[in-house]
Every structure is written in C-alpha cells, then in structure tokens.
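Notes follow the structure.
Positions are given from 1 along the sequence.
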Amino acid sequence: MKFDEHEQYLYDEWVLASHSARLGRKTTIVCLTMENGYEVVGTSACVDPDDYDREIGVYWATKDALKRVADIVGYVRQSQMV
C-alpha cells in the first residue's frame with residue numbers, strides 16, 4: 001500500500017518518527033512525531049476482529065494522522081505569509 005504524492009511528501013518532510021500499536025481486538029493507533037517533537041495521532045479499526053491485519057491498520061491509521069499533519073503544515077505556511 002502506498003500513500004498518495006502529497007501524503008508521502010508530508011511523511012518524508014515533516015515526520016521524524018512513527019510508532020504504532022494495536023488496541024483491543026480491532027483498533028490500530030499510530031503516533032507520528034514531527035521534527036519539533038509535536039505528536040499527531042491517527043486511528044483505524046476493522047469491523048470484524050477476525051479480519052484484523054496490522055499492516056492494513058497501520059496504513060489507514062497513518063493516513064488518518066497525515067490528515068492532521070496536513071492541517072498543521074497549512075497553518076504553519078499561512079502563518080509564514082503574514
């Protein structure tokens with residue numbers, strides 16, 4: 001599974017580290033640490049615990065966290081324009 005071009009840019013340029021964990025039987029949590037130490041969390045979950053796949057869970061939880069990273073990057077860029 002691959003990220004789209006913008007998500008990959010955000011991950012490569014703004015994320016210093018990524019940590020993930022399974023919570024319960026169906027949920028994956030990813031914590032992305034940005035270069036300044038700020039942490040952004042994303043989550044994903046499947047419907048049936050028998051269908052749980054860690055790799056897929058990490059992928060979707062990372063995409064979720066990258067949406068928040070995009071908001072932060074947009075804020076930073078807008079602030080620099082003022």
Side-chain angles (χ1 to χ4, degrees):
M1 298 174 123
K2 293 186 176 188
F3 299 122
D4 69 32
E5 186 176 329
H6 182 64
E7 291 166 334
Q8 192 64 55
Y9 161 77
L10 292 170
Y11 192 89
D12 292 341
E13 297 297 322
W14 291 85
V15 176
L16 182 64
S18 175
H19 302 282
S20 62
R22 181 177 183 175
L23 222 83
R25 298 180 61 215
K26 304 186 294 183
T27 303
T28 304
I29 296 177
V30 168
C31 179
L32 302 180
T33 305
M34 299 178 75
E35 293 200 7
N36 66 358
Y38 191 77
E39 296 176 337
V40 180
V41 174
T43 63
S44 68
C46 62
V47 175
D48 184 346
D50 292 334
D51 292 336
Y52 182 83
D53 182 302
R54 181 176 175 78
E55 183 179 340
I56 293 171
V58 169
Y59 172 78
W60 288 107
T62 302
K63 285 179 74 76
D64 185 49
L66 287 171
K67 291 177 191 175
R68 292 170 179 81
V69 171
D71 290 342
I72 294 165
V73 170
Y75 175 82
V76 168
R77 288 191 173 156
Q78 183 70 41
S79 295
Q80 292 171 343
M81 293 174 64
V82 177

What closest approach, in Å, do [X] and [Y] show between heavy atoms, and which atom pair accounts for it?
X	Y	result
E39	C31	CB-SG, 3.7 Å
D4	H6	OD1-N, 3.1 Å
M1	W60	CE-NE1, 3.9 Å
G57	S44	O-OG, 2.7 Å

inquiry  = Can a donor-acceptor pair be found, under 3.5 Å and without considering hydrogens, that links the side chain of R22 to the backbone of R25?
reply    = yes

inquiry  = What I want to check is whether the side chains of Y59 and T28 have a donor and an acceptor closer together than 3.5 Å.
reply    = no

Check whether any side-chain heavy atom of [X] sits under 4.5 Å from a side-chain heavy atom of [Y], and report yes or no.
X	Y	value
F3	T62	yes
W14	V76	yes
L32	L66	yes

ask   = So does Y9 have more than 12 non-hydrogen atoms from other groups sitting under 6.0 Å from OH?
value = yes

query = Should we count CD of E55 as having more than 12 external heavy atoms under 6.0 Å?
reply = no

task = Output the distance between atom OG1 (T33) and atom CG (L16), rounded to the nearest 0.5 Å.
result = 7.0 Å

query = If you measure from CD on E7 to NZ on K2, what distance do you get to the nearest 0.5 Å?
reply = 13.5 Å

Verify the cluster assignment for [X] and [Y]: are they in a single hydrophobic cluster under the rule of side-chain heavy atoms below 4.5 Å apart?
X	Y	result
V15	I29	no
Y38	V73	yes
I56	V58	yes
I72	L10	yes
M34	V41	no

